[in-house]
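The next block holds one structure in the form of structure tokens; read it before the comments.
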2 protein chains.
Amino acid sequence: METKKGYENYDKVHVAIDCVIFGYYERQLQVLLIQRDFEPVVGEWSLIGGILSEDEDLDAASQRILKYNTGLDNVFMEHVHVFGKVHRDPLARVVSVMYYALINPIDYNHKLIPRMGAKWFPINNIPKLIFDHEEMLKMAFDTLKKKITRMPIGFELLPPKFTMPELIQLYEAILQKSLDKRNLSKKIFSLKILRKHNEKQFNTSKKGAFLYSFDKRKYEALTKKGFLFEI
Amino acid sequence: METKKGYENYDKVHVAIDCVIFGYYERQLQVLLIQRDFEPVVGEWSLIGGILSEDEDLDAASQRILKYNTGLDNVFMEHVHVFGKVHRDPLARVVSVMYYALINPIDYNHKLIPRMGAKWFPINNIPKLIFDHEEMLKMAFDTLKKKITRMPIGFELLPPKFTMPELIQLYEAILQKSLDKRNLSKKIFSLKILRKHNEKQFNTSKKGAFLYSFDKRKYEALTKKGFLFEI
DNA sequence: TCAAAAGTGTTATCGCTACACCCATGC
DNA sequence: GCATGGGTGTAGCGATAACACTTTTGA
């Protein structure tokens, strides 16, 4: 800390939290965005964000901001990067801590209260964003893609019960390429983190597809061992 | 940003940069630490750190802090995580942005000016550290281990010319296990990012080992393609 | 009976791992 | 000539990727 007694002579800055909130519905990966209602960029779209309070843990702030904007808590959320250019926000010096979050549609259909014009946009049709938010989104999306090829975090984006074709379609939506359903389902099954139910879903086919749910305990046992796979 | 005009009503906090600086000498991975000279933890060891100025880019601050403490610039440095618990520093509210840096011994032997009792510690013999710095170090070390199994960043820790046995020994020091020299050298050679020199180094053997240097251009071409390998 | 999606196994290839001997040199 | 570390090739195995047909059922 160089050669000072305490921090009185050092600057303070605003610390923002910006969240790239991913959701999955209509067979597309979507991102929740909000329309700014204050200067200098009224009406433009931005990531969901907020400012850290002095008496608030950083992780608590990210949960608070997510809850305020979506009504959800206990959401999968992970820090990705920090953005700290001096003039990245023209209003003030703001260092932004960027997270991404994964939300599943059942939860948000029931509980989500979109505030201040929050709206879902498909990942391939994102409007112009303020500041460096496009860079943030790109980085978060890259992180999600990289991560999902190594760990089965996709479940966070699906409802509690889902079918194998849905899971595969989700992976295709995220990785933006088609995947071999035999190989992928084999790989997922081999992890033994799914519980098969004796129900079928008939939304998309006459034959119907079996429903599965995600066994969080087995999953956590795996990740503790540092288990990885690759698509 | 919730529903405010500007940021006047929001808190500001100190933003610190803390660097886990890795070096490699005496066949061991080492970490540069510093002895605090101010309250409340005078005499205890800490990571190299400093406070962000209001008119300074975050990345510039990390470079400044590294240069101030080691005399080096143009160093490989990467953000890992942010630590933001309210009371992590008992003196003040400080959000800390943690980086790790890789330094090679030729550079620091020539230029390093250890300040304020900065000292290298072998990774397996780290003293008690202040605040959450042990957690930071653990996370940085884990990140380094994970990263080096996928990308050949090890060169950053070696002098410009190095031998294959040195490179292998470095990997063993980082991953803390012995590796098959045939398989590892094969893998490195297959990347074609090394230039072989017509000189040998006789430090450690009578036969002598060929010197190589790292072809940064070819390496960057690879990483742009997102190339990965695994040890 | 046809259309549309679900479900399921096998084979070939590739990459990784494991493993041991000769080489060059200084002493 | 011997001790020391440097340098190199191969074979077996496991994992991945490629690939197509049968099942179910509603219309």
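Numbers restart at 1 for each chain; the letters A, B, ... are given by sequence-line order, proteins then strands. Note that the structure is a prediction, hence the values are computed from the model and not measured.
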Proximity to the side chain of [X] - top-ranked nucleotide from [options]:
X	options	answer
A:Thr204	D:dT8, C:dA5, C:dG9	C:dA5
A:Arg182	D:dC19, D:dG9, D:dG7	D:dC19
B:Lys186	C:dG9, D:dG9, D:dG7	D:dG9
A:Lys207	C:dG7, D:dC19, C:dT17	C:dG7
B:Met164	D:dG7, C:dG7, C:dA18	D:dG7

Would you kindly give the [atom1]-to-[atom2] distance between [X] and [N], to the nearest whole Å?
X	N	atom1	atom2	result
B:Leu167	D:dG7	CG	P	12 Å
A:Leu191	D:dA15	CG	C1'	14 Å
A:Lys187	D:dG14	NZ	P	18 Å
B:Phe202	D:dA3	CZ	P	22 Å
B:Leu184	D:dT8	CG	P	14 Å
A:Lys181	D:dA20	NZ	C1'	10 Å
A:Ile168	C:dT8	CD1	P	11 Å
B:Arg27	D:dG5	CZ	C1'	11 Å

### Task
Return yes if the base of D:dG6 and the side-chain atoms of B:Lys206 contain a donor-acceptor N/O pair under 3.5 Å, otherwise no.
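No, the side chain and the base share no sub-3.5 Å donor-acceptor pair.
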### Message
If you assign each of A:Asn183 and B:Asp180 to its closest nucleotide in DNA chain D, which residue comes earlier from the 5' end?
### Response
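By nearest-heavy-atom nucleotide position, the 5'-most residue is B:Asp180.
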### Query
More 5' along DNA chain D: B:Phe210 or A:Lys200, using each one's nearest nucleotide?
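It is B:Phe210, whose closest nucleotide lies nearer the 5' terminus.
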### Task
Among B:Ile126, B:Leu137, B:Ile48, find the one that has a side-chain contact (heavy atoms from CB on, under 4.5 Å) with B:Leu33.
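So, applying the side-chain contact (heavy atoms from CB on, under 4.5 Å) to B:Leu33 and each of B:Ile126, B:Leu137, B:Ile48, only B:Ile126 qualifies.
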### Query
Quick one: do B:Arg27 and B:Glu166 make a salt bridge, cutoff under 4.0 Å?
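No, no charged N to carboxylate O under 4.0 Å.
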### Message
Against the six-membered ring of B:Phe141, is B:Lys145 placed for a cation-pi contact (under 6.0 Å from the centre, within 45° of the normal)?
### Response
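Output yes; distance and angle both within limits.
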### Donor-acceptor contact present, side-chain B:Gln30 to main-chain B:Tyr25, <3.5 Å
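Answer holds: yes.
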#### Entry: side chain to side chain contact (heavy atoms under 4.5 Å, CB included) between B:Lys119 and B:Phe121, intermediate numbers included
CA-CA 7 Å; B:Lys119 203 187 143 196; B:Phe121 287 85; 4.0 Å; yes
